[in-house]
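Computation of the quantities below employed the complete heavy-atom set of this structure, encompassing side-chain atoms and omitting hydrogens, waters and symmetry-equivalent molecules. Labels below follow one simple rule: chain letters A, B, ... track the order of the sequence lines, proteins then strands, and each chain is numbered from 1.
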Protein chains: 2
Amino acid sequence: MPAQLTLAVDLMGGDLGPRSTLPAALNFAQANPELAIILVGEASTAPSSLPDNVHFVVSTQVVSMSDKPAYALRNKQDSSMWKAIDLVARGEAQACISAGNTGALMAMGKYLLKTFPGIDRPAICKAVPTAKGASYVLDLGANVDCTSEQLVQFALMGSVLAETAGVSSPSVGLLNIGSEDIKGNEQIRLASALLESNDHLNYVGYIEGDGIFTGAADVVVCDGFVGNVALKVSEGVARLLASYLRELLEGGFWNRLVGQIARPLLLKWHTKFDPARYNGASFLGLQGVVVKSHGSVDAKGFECALAVAKEQAAGDIPNKINHQIADCLH
Amino acid sequence: MPAQLTLAVDLMGGDLGPRSTLPAALNFAQANPELAIILVGEASTAPSSLPDNVHFVVSTQVVSMSDKPAYALRNKQDSSMWKAIDLVARGEAQACISAGNTGALMAMGKYLLKTFPGIDRPAICKAVPTAKGASYVLDLGANVDCTSEQLVQFALMGSVLAETAGVSSPSVGLLNIGSEDIKGNEQIRLASALLESNDHLNYVGYIEGDGIFTGAADVVVCDGFVGNVALKVSEGVARLLASYLRELLEGGFWNRLVGQIARPLLLKWHTKFDPARYNGASFLGLQGVVVKSHGSVDAKGFECALAVAKEQAAGDIPNKINHQIADCLH
């Protein structure tokens, strides 16, 4: 662990690009003077002066949202995304953060950082709000079809993350469509047996989709297709409910008045499930910290992703995962 | 189509059993005097007097929530569930409704009613609230692993349902984890090609989890594992958000006052996404209408399931599905 943690920031990713990533990074650097931050972006985006703990690296290419991962890997080696990850690969930064193309970020992350021995493929993991606080859900989309062994790897990696965040002996649930043994398919049943027999895990059995949000387990394991749908559904429902409420509070004088009175409370309520507040998904299993920010967030949201990256770099998550997996293989 | 539609009601299913199903059925019979309703339940639950359009059939067994489907099929042939479905099979009722064990209901439905030729397995379909009104999502849990051909059958059946509910040329979306062609697995890509080339369908392509709730498609098709998780997640998030709001409005004098003022509006808001209001899932593909009510709903919620059953029986959904599938096979 170097004396000073350094975060590499891909300035060019996300819907807003530098308009969101740059102010977020500068603000974060100011709030965390013990950190160093390396901004990677096109020369035109470089501020005229930089604080002492912020540096700028020029890139000439941008990975677009429509670039296929294999294309980006071959042809965008001078992109802000590539260079930010490469800083981690060279040991010049301990984490990189991007709001760009998820597939390209995963492909470059695997190519430049590699996975640890015993990990077939990285998984995307994110904390989601629950009635009890937060749970870590993985995989959220990196692996469409997963073997039972991969689901166990996800459980191990998610447990490391939860433990580092302060949860002792985190409970692990396997996402299924019923709590009885009869439900689910072969792969799920086999994964459940493997999780049950793993001494390194506190496996609590199957949980259903609503159990994610009651906080039925600290770590929720599923394949990337199901996890991605679950995450997007949760965001969609939250947005729909917020828009219902907005509509109601705009209909007529009395409703608008009630809306004005209740406004501070409703804002507080809305923030509790704001995807931007829970922003920052980790690519677990790589030999370095890579954090993906939601593409649509503003500077405040991007700062949340920076905070996730800082926490994981400070917690030395990749090496802890390596040790956990190595322990299980012996 | 008989002159008088008859609904068969399994009184014994659900968490509350006859305490919820009986008042709901009696109320529904009163509000719909043109209908006949056959109540099926244990003799002890029979009211001393019944309205003209309500009849009672005695059953001696109850399917419990823990009964495995195969066990219930072999050993519970005098249950309220079995007898309610059997009334449909014999043509004495045009629809049956149960709040009981989903797996047993599906197994008995398939055994007693059979599927139509060309339909491999029934699918569970439900209307979910969206920003534009409602969308029909299927499968919600009957089929854990689905072939591409089954997904096309789901699209055809869901389209019949949407059309009968008044949507002309309903749009069909395939649930996936990205809108680009590169995402998803082999089965999804093949299903997309089949949907694209089917002249009977208005296929609009892939939609993501949040797209369900923006109303991106009138019919959303997915395998039963993903659909079940999506449905449960949506219910879980709605409950979590409602409980956040309740908590906020109970903290301190001012908040409680705001809560009192905003109460009627918040109740209205809460109802808009209330699972009980959108209660009633249909088992499509069977040669008869079978509607499953949520197990935890009260009498008002169970009435919603009765309304769904009435609509589908009146709309002659099973035969319309049969014709639609037959058309596609020729």
Side-chain angles (χ1 to χ4, degrees), chain A residues 66 68-69 102-103 129-131 140-141 144-145 175-178 180 182-186 188 208-214 222 224-245 247-249 254-255 257-259 261-262 264-266 268-269 272-273, chain B residues 66 68-69 102-103 129-131 140-141 144-145 175-178 180 182-186 188 208-214 222 224-245 247-249 254-255 257-259 261-262 264-266 268-269 272-273:
Chain A
S66 59
K68 298 206 174 180
T102 309
T130 73
L140 295 174
V144 169
D145 294 306
L175 197 57
N176 197 354
I177 64 169
E180 310 109 64
I182 45 166
K183 306 273 183 72
N185 59 14
E186 206 46 54
I188 294 284
E208 294 192 64
D210 50 343
I212 302 176
F213 300 93
T214 58
C222 56
F225 194 101
V226 172
N228 190 279
V229 168
L231 183 70
K232 297 273 173 69
V233 161
S234 72
E235 294 173 359
V237 170
R239 267 197 298 270
L240 178 64
L241 287 173
S243 78
Y244 275 166
L245 196 54
E247 250 173 59
L248 259 179
L249 296 175
W254 172 249
N255 290 13
L257 185 67
V258 172
I261 295 170
L265 277 178
L266 294 178
K268 207 167 160 188
W269 168 75
K272 279 204 95 165
F273 203 87
Chain B
S66 59
K68 297 206 173 183
T102 309
T130 74
L140 294 174
V144 169
D145 294 306
L175 196 57
N176 198 353
I177 64 169
E180 309 109 66
I182 45 166
K183 306 272 183 74
N185 60 13
E186 206 47 55
I188 294 283
E208 295 192 64
D210 50 343
I212 301 176
F213 300 93
T214 58
C222 56
F225 194 102
V226 172
N228 189 279
V229 168
L231 183 70
K232 297 272 172 73
V233 161
S234 73
E235 294 174 358
V237 170
R239 267 197 297 270
L240 179 64
L241 288 173
S243 77
Y244 276 165
L245 197 54
E247 251 172 57
L248 260 180
L249 296 176
W254 172 248
N255 291 14
L257 184 68
V258 172
I261 295 170
L265 277 178
L266 294 178
K268 208 166 161 189
W269 167 76
K272 277 203 97 164
F273 203 87

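Using a 4.5 Å cut-off between heavy atoms, B/I212 contacts chain A through its side chain alone, with no backbone atom that close. In this structure, no portion of B/S243 lies under 4.5 Å from any heavy atom of chain A.
Residues A/E186 and B/D145 are not in side-chain contact: their nearest non-hydrogen atoms beyond the backbone lie 4.5 Å or more apart.
When all heavy atoms are compared, the tightest approach of B/G224 to A/I177 is O-CG2, 4.4 Å. Between A/A230 and B/V233, the shortest heavy-atom distance links the atoms O-CG1, 3.6 Å. Here the closest non-hydrogen pair linking A/P129 and B/Y244 is CB-OH, 3.8 Å.
The distance from atom CG of B/L175 to atom CG of A/N228, rounded to the nearest 0.5 Å, is 9.0 Å. Rounding to the nearest 0.5 Å gives a distance of 7.0 Å between CG of B/L245 and CG of A/L245. Atom CZ of residue A/F225 and atom SG of residue B/C222 lie 8.0 Å apart, to the nearest 0.5 angstrom.
Interface check for chain A: of the options B/L240, B/V229, B/T130, the most heavy-atom pairs under 4.5 Å are formed by B/L240.
With sequence neighbours excluded, the residues that form a side chain to side chain contact (heavy atoms under 4.5 Å, CB included) with A/T214 are A/A216.
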